Amino acid sequence: MIKLENISMSFHGKHILQGIDLEVKKGETLVVIGPSGSGKSTLLRLMVGLLKPTQGEVWIKGQEISHLSEDNLNKVRIGMGMVFQYSALFDSMTVGDNVAFGLREHTAMTEAEIQKIVARNLRMVGLAGQQDVMPNELSGGMKKRVSLARAIAIRPEIMLYDEPTAGLDPIMSGTIDRLIMNAKRVLCVTSVVVTHHMSSAFKIADRVAMIHGGRIIEVGTVEQIRQSENPVVQQFILGLKSPSAYVRRRSEMR
Amino acid sequence: MLLAIVESIGRQVILWMENSGRIIILVGNTLFHLREKPRMNHVLHQMAHLGVDSLPIVLLTILFTGMVITLQTATEFIKYGAQSSVGGVVAIAMARELAPVLTGVVVAGRVGAAITAEIGSMKVTEQIDALRVMAINPIKYLVVPRLLACVIMVPILVIFADVIGTVGGYLVATLYAGISSFTYIHSITLFTVVNDIIGGLVKAMFFGGIIAIIGCYKGLTTGEGAEGVGRATTASVVSSIILIFISNYFLSLVLYR
Amino acid sequence: MNISTEAKVGSMSLIACMLLIYIMIHLSGFTFGDKGYPVQAVFRQVNGLKEGNIVRYAGVDVGRIIEVRVLPQEGVQVTMVMDPGVKIPEGSKFLIGADGLMGEKYINIIPTDNSSSYLLPNAKVKGEEIQGLDELIASSDRVLAEVHDLVKSLNEIVGDDKVKAAMKNTILNAQEITDNMNIMMGNLARMTQENGDINVTVKNLSAMSRSLREASARAEVMMQAVDNDGKTARDLQETLVNIKNTSIRVEKMAAALEGVVTDPETAQNIKDTLKNARMASERANKMLTKVSSIDTKVGFETLYNQDTGKYSSNADLKINTSPTDFAIIGVSHIGDGSKGNFQVGKGNEEFAGRAGVIESKVGVGVDTKIGKQMSLSLDVYDPQDVRVKLRSLYQVAPDTFIVGQSDGINKQDEQTYFGVRRNF
Ligand SMILES: Nc1ncnc2c1ncn2[C@@H]1O[C@H](COP(=O)(O)OP(=O)(O)OP(=O)(O)O)[C@@H](O)[C@H]1O
Ligand SMILES: [Mg+2]
């Protein structure tokens, strides 16, 4: 469904990503983890064509998108949804209009049908009846959930989540995790999730990829990642002070 | 030392050419998207927002400009016994130059800044990216309606400006300079021709286009953060005013040969 | 109150459209309802008057010009539309005026008091001519050119060396005047271009009036030389008329400027100008009456000799020094053994007698008018071999005559001529 081949990305000569090869199968949920500033958001932006890689190819549903025109890219993007790290709600529109936006633009649904979907989606993210609120009246976590409701409104085949649970309380995080899993199970959505919450990462992931220093240093199932021999991975998932701390702890356990 | 100066000049030139090229690409893209039916409700919204709301400030500016121009010309002209030319001179100056340029400048300051600030803040809060991810072309969605609104509304504002400027001139000519109202109005009909008005409106269309395109361009290329928005807004106003003045010269050259 | 976006934009656009339509209609000169009535005036020339200029009656705007058309013969026809309700008395004068120094041209109607009827729609009137500055310059150039031509043709007719020498003097004087006139005209021309600065205008004006005074003084000197010569009377007269016109013009302009100027130096200049112009004008006027009594007529005839089948040409110059005194200088059979004529005479048109040299011989003659257009001359000359010449002139046009002539009617070798004569 999504395939990155030998992707490199640099901004103003600064290399952010180097030689990335990654494949996400249909219906699979890939969780991307990695330290702050390692290029996770950049990776998602590459997948949706917001950025063009300096090198390499991006394949979406068997189509190479890195040199498509904006209009042709939009044809691909109709099947994709994205939750932005900072929500990116249209602040001149109400919450309801934000959620309805994609439906109004891309479907021939009647207003009544649209309003039904909007109400249901907002209920799913715990914001029932908030249609007429303006985004700047919401908290960061609430915006995040509106953004999610907006992204899933047009029922995309591919969903990209950039830290969907950041800034949410544990209960709400759990709700969102379940939402992501439901989407996968019921609608067979292909998802890429960037998250810093290891618990939710392990809960929702089919596979986990870890980015470090511009490269993917480890890809594997949840079990494989947990068992990883790589001290950097272990340091990250356990939240240790340094990689050597893990090596010391492991030798102690033996 | 010298090399550094030359280099910095070179950098500026390259930057300038790069910007010009991007603006031309933006213009091309925008015109390309004009072939599709524009979103009328967006255009209408922008027309109200950018055009109607600018009317009071345009009227105020041009009213006083017409008054001061008449004040200056009337006293000089009366010295030479040419008081019967005052109305015509004021009306021609208004129709050909003052109304379009001053309206352009006022609209650039008000509307150009608003366009850049709005699009710029959408850009820094990733709303533009959100649009693109939702398969909406920002040029079609944001630029086209603003361009249309400006190209339609600035000439309409100029019509009002022509009238109010002449009225301002009339007030000063009759109440202050003692020119009879018949003489003033008569000399307008004598000197001014329909083409003076039409030329001014053609100019206004161009100025509207400049304001919209520069406003959108600066918004879409805004740098990071609130500071970036501020800088883009200033740059937008400055650039469009400069462009209005320069293009005004060449438009005058072509229109009033 | 909550006005919808559509209503806002719609009402603003609607008002703009209405304003635009109103402006367009207003500017293209379209008026509703009563349009007024047209009047045509014919001018010889209109000094740049054009469509859209206004018409004033006693200083009040009463209409505008809608058409300026050049007629094939009559001049320029100006059609104006009078505002409805405006009544123009018949016999009013139509003049072309200008507003200030750089103002628009307009038609000025000066009302007349003694009129009981008014101009009807489509009335046709004749415009009064004011000699414009440009025309003055052009016409004086023309006059000066004519002076040259005249002197030249006189020179040709009177091929005598002595006369030539006498004339050279006159020509030199005429040239000097011409030069002065040229300087003056140059000043005038420059003035019309530089009329932006009043000071410069006034300076030019005073320089001009000075050269005008010089020209008139020189003309006076020349006058004395002419008195006993009489040949250049005609050109001199025209020069004087010219000087007079120019000085009147200068005077008028200076007077017009006087009201505008406040600066004392400029005012003084204008006063001097006025004095100079007046002096030149007076002098020219005085000389003009003196000259006008000297009437010179040049005549030229071509005759066909029936007997020999040859053509012969005669030329003469008749100078009236007083209404009853005259002199004739002439040449006959030009180019074919030219003979000279020089007679002095006394008499009027009805009957005149003369004596002097006829056909290079001493002789006497009488001229008498018989009927309105016919006159007869009988000449007797050459005491050694007396010959009698009979001549009849029949006037066919103001300056054109048919000539019948019989020379030596008392002899065997009688010669009969027929031909045409023209007086210039
Ligand atoms: N438009 C850009 N221009 C220049 N540099 C950029 C741009 N976008 C990202 N970067 C740089 O690329 C690097 C990766 O950024 P990215 O946002 O992908 O990080 P991230 O992994 O998402 O971090 P976080 O977990 O904090 O969100 C950062 O160093 C950032 O400075
Ligand atoms: Mg990020």
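None of the values given here were measured: they were computed from a predicted structure. Protein chains get the first letters and strands the later ones, always in sequence-line order, with residue 1 at the start of each.
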Spacing of CZ belonging to A:F101 relative to CG belonging to B:L131, to within rounding of 0.5 Å: 5.0 Å
Max heavy-atom pair count under 4.5 Å with chain A, selected residue of B:I139, B:I128, B:V133: B:V133
Of all heavy-atom pairs between B:A130 and A:A88, which one has the smallest distance, and what is that distance? CB-O, 3.7 Å
Would the number of heavy atoms belonging to other residues, nucleotides or ligands and lying under 6.0 Å from CZ of A:F11 be above 12? yes
Which region of [X], side chain (C-beta onward) or backbone (N, CA, C, O), has a non-hydrogen atom less than 4.5 Å from a non-hydrogen atom of chain B, or is it both or neither?
X	result
A:M80	backbone
A:M47	neither
A:L89	backbone

Between chain B and chain A, identify all donor-acceptor pairs below 3.5 angstrom, including backbone and side-chain atoms.
| from | atom 1 | to | atom 2 | distance (Å) |
| --- | --- | --- | --- | --- |
| B:R39 | NH1 | A:E105 | OE1 | 2.8 |
| B:R39 | NH1 | A:E105 | OE2 | 2.9 |
| B:R39 | NH2 | A:E105 | OE1 | 2.9 |
| B:E126 | OE2 | A:R45 | NH2 | 2.4 |
| B:Q127 | OE1 | A:D91 | N | 3.2 |
| B:Q127 | NE2 | A:D91 | OD1 | 3.3 |
| B:Q127 | NE2 | A:D91 | OD2 | 3.0 |
| B:D129 | OD2 | A:R45 | NH1 | 3.0 |
| B:D129 | OD2 | A:R45 | NH2 | 3.1 |
| B:R132 | O | A:R77 | NH1 | 3.2 |
| B:R132 | NE | A:E70 | OE2 | 3.0 |
| B:R132 | NH2 | A:E70 | OE1 | 3.3 |
| B:M134 | O | A:H106 | NE2 | 2.6 |
| B:N137 | ND2 | A:D71 | OD1 | 3.3 |

